[in-house]
Amino acid sequence: MSLKSSVKVKKVAPIEMAVTLDTKRIELSRARIMARAWSETITETRRTSQAALFARAAMETFAADIVPGFALSGPFVAVRGRLDATARQLAQSIGQEAKALPLLEGCHFLTSLYTALLPRSERSALGAFYTPPALTHRLLDLASEGGLDWSSARVLDPASGGGAFLLEAATRMRRALDGSEPALILAQLGTRLSGFELDPHAAGLSQAALEVLLSDLSAASGRKVPVFVKVCDTLEETPAAQFDLVVGNPPYGRVTLTAAQRSRYARGLYGHANLYGVFTDIALRWARPGGMIAYLTPTSVLGGQYYTALRRLLAAEAPPVAIDFVHARRGVFEDVLQETLLALYRKGGERQRFQVHYLNVDNEREARLTKNGRVSLPNDAGAPWLAPREPAHVGLIKAAERMAARLSDWGYGVSTGPLVWNRFKPQLRGRAARGLHPLIWAEAVTADGRFIFRAEKKNHAPYFKTEAGDSWLVVDQSCVLVQRTTAKEQLRRLIAAELPQSFIDAHDGVVIENHLNMVRAIGKPKVTPAAVAAVLNSDVLDQIFRCISGSVAVSAFELESIPLPPLSAMAPIERLIAKGATRAAIEKVLCGLYGLKA
């Protein structure tokens, strides 16, 4: 049977001007905001069921307008309650308006409604966050560039949510089978495309959207659209290494595992279990040898200490093939990590230099891709993976890869300030007095790298009274203080200052608060604290740190992992510091050590 001759689906009227479509998108965006405001008026106990009813009503209206007479299968679970008249009218209006969008975009918009209406606490608990179409499309492009054959590939999304990746994958599979009988295409998709989802409401909506997307094939073949989504706990599914591609935006955030689960996924865990790490391990178990894993990933995976074991696991079993760093204008996405990357791994692949790209996202649907060079994994794959966040970083990383020294080689270790101030509130003092120690807060380290004793923020008292057993809080040796929290938008990520021994001696010791790192000598240091501070405050080291860090935290682990010049190269810098040289003069020497132009 010819598909073209048999389909009698109502076509969406063509929109001649792009501005009209953009206007419709703006209207739908406003309606989405209205829906979210409505959902926030509902009590917490009813909000999830109301969100499910709302999204389902919008989807049913959309389906009726796009494919008159087409019957969607029922929800995977019955939902108690009903929408009031105002909410139902808004939901139906959104469904009607969405028909003006391209079909795939309309399906994606409506499935994402449910997640948007959930309470923030539930979204966090489920790790359920919106995946913009621009990222969905590009991640599957990465799989295509990796050699995936959409005409035969088996694809799994182990945390399919609203079905963003299932919808895009179904479209590509269908396109690859263009010209085949509708019944064959449906059968092929039903065999080769799968999703697992814990939330039955999200799973039901994604199944409904796939039914709308493939409704013409169903009409032409006289067959029902297959069920693609299984409602289940992915962590408890018995894996079979059979998929050519495991793809998705896996949940992230800390999770408490059962003893059996922790044992099962122990190989990728380091300290607290994170859902992202567990789902990466799961992907490795479901991908066939030679298959690919394509995940939307928090950039902290590249450098965070909690991902040490996961990095080693990936390097051993599925080394990276390509990474896209995502750069987006503030406010483009809702509920998306500010620092995100797209990663492609190949199970059983060779460990080699991998391609880095930059994805500049203009809006939810459009992005510009810039290719850059290739970088390699460190010898110890558990160490941070240096990857260029911008094109200028490629040469810097090549030079950093040749730097074998670390702070430990200079005679230093890093720890956090010992005082968690809100546990010792009664011991904080506003004025100096006998027996008190200066309390050093993060603002004592200035943006230009100076130490100034001050306590200017709310609740920041300048002095601390130690009690019996508090001697462990007192620091009596010079160290380098480094602010523990900085954002990529700041002029500098590394903000350091030497805490002078003279200040410490004058006050018989100081107490350092928990929002500062302390770079402290272990035994006799081989580099002076002043030189350590000068190097950490350099532009060169700041850029290297940006190639390591993927979060606002400046952790001890990351500081101890920074590639540094060998001891033999530090003498000229020590002499410059002793002479009181400018930062520019020190920067020039450091640039030379890293093979860069000052």
Side-chain angles (χ1 to χ4, degrees), residues 305 407-408 410-486 490 492-537 552-560 574 577-578 580:
Q305 186 173 20
L407 279 170
S408 60
W410 287 8
Y412 289 86
V414 185
S415 58
T416 57
L419 182 75
V420 180
W421 71 271
N422 54 8
R423 298 178 185 173
F424 294 85
K425 284 183 180 180
Q427 294 170 243
L428 272 58
R429 298 289 186 270
R431 294 182 180 181
R434 184 184 295 274
L436 302 186
H437 297 282
L439 178 50
I440 311 301
W441 301 87
E443 63 258 36
V445 179
T446 68
D448 60 355
R450 291 175 296 135
F451 170 77
I452 299 177
F453 176 52
R454 56 184 178 177
E456 298 174 345
K457 295 186 178 180
K458 185 178 179 181
N459 297 322
H460 285 197
Y463 293 95
F464 184 84
K465 177 177 174 55
T466 54
E467 304 286 0
D470 287 346
S471 60
W472 62 278
L473 291 171
V474 180
V475 175
D476 58 8
Q477 289 186 354
S478 174
C479 62
V480 176
L481 303 175
V482 184
Q483 290 191 11
R484 283 188 63 199
T485 305
T486 57
Q490 289 181 231
R492 296 194 55 79
R493 289 297 317 275
L494 292 180
I495 302 175
E498 179 186 4
L499 175 58
Q501 188 66 49
S502 57
F503 182 85
I504 295 172
D505 292 341
H507 298 87
D508 198 24
V510 300
V511 175
I512 298 176
E513 199 268 335
N514 192 246
H515 285 82
L516 285 167
N517 285 304
M518 303 184 296
V519 183
R520 306 173 76 178
I522 303 170
K524 186 176 181 180
K526 301 170 185 176
V527 176
T528 63
V532 172
V535 170
L536 290 178
N537 279 324
V552 296
V554 179
S555 72
F557 175 75
E558 290 168 331
L559 288 172
E560 290 178 337
E574 294 277 19
I577 292 170

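Note that these values count all heavy atoms, side chains included, but never hydrogens, waters or copies made by symmetry. All values derive from a computational prediction rather than experimental measurement.
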Closest heavy-atom contact between [X] and [Y]?
X      : Y      : answer
Ala521 : Tyr412 : N-CD2, 3.5 Å
Gly449 : Ala497 : O-CB, 3.7 Å
Val474 : Gly509 : CG1-CA, 3.8 Å
Ile577 : Ala534 : CD1-CB, 3.8 Å
Trp441 : Ala455 : CD1-CB, 3.7 Å
Pro462 : Gly430 : CG-O, 3.4 Å

Test side-chain hydrogen bond (donor to acceptor under 3.5 Å, both in side chains) applied to [X] - qualifying residues, sequence neighbours left out:
X      : answer
Ser555 : Glu558
Gln483 : none
Thr486 : Arg493

Non-neighbouring partners of [X] that pass side-chain contact (heavy atoms from CB on, under 4.5 Å), sequence neighbours left out:
X      : value
Ala496 : Val480, Val482, Leu536, Asn537
Lys425 : Trp421, Asn422
Gln427 : Phe424, Phe464, Glu467, Asp470
Glu574 : Val527, Thr528, Ala531

Indicate yes or no for a side-chain donor-acceptor contact from Glu560 to the backbone of Val414 under 3.5 Å, with no hydrogens or angles considered. yes

Any side-chain to backbone donor/acceptor pair from His437 onto Val511? Under 3.5 Å, distance only. no

Ile504 side chain near Gln477 side chain, heavy-atom distance below 4.5 Å: no

Rounded to the nearest 0.5 Å, how far apart are [atom1] of [X] and [atom2] of [Y]?
X      : Y      : atom1 : atom2 : result
Ile495 : Thr485 : CD1   : OG1   : 10.5 Å
Leu516 : Cys479 : CG    : SG    : 9.0 Å
Ile440 : Phe451 : CD1   : CZ    : 4.0 Å
Leu419 : Trp472 : CG    : CH2   : 7.5 Å

Sort and list the pairs that fulfil side chain to side chain donor-acceptor pair (under 3.5 Å) and have at least one residue in residues 452-466, not counting sequence neighbours. Glu443-His460

Side chain to side chain donor-acceptor pair (under 3.5 Å) pairs, two or more places apart, involving residues 502-523: Arg484-Asn514, Gln501-Asp505, Glu513-His515

Is there a side-chain contact (heavy atoms from CB on, under 4.5 Å) between Leu439 and Ile512 once you walk through the steps? CA-CA 6 Å; Leu439 178 50; Ile512 298 176; over 6 Å; no

Would Val519 and Leu407 count as a side-chain contact (heavy atoms from CB on, under 4.5 Å) here? Give the steps. CA-CA 9 Å; Val519 183; Leu407 279 170; 4.2 Å; yes

State which residues pass salt bridge (Lys or Arg N to Asp or Glu O under 4.0 Å) with Arg450; sequence neighbours excluded, sorted by chain then number. Asp448

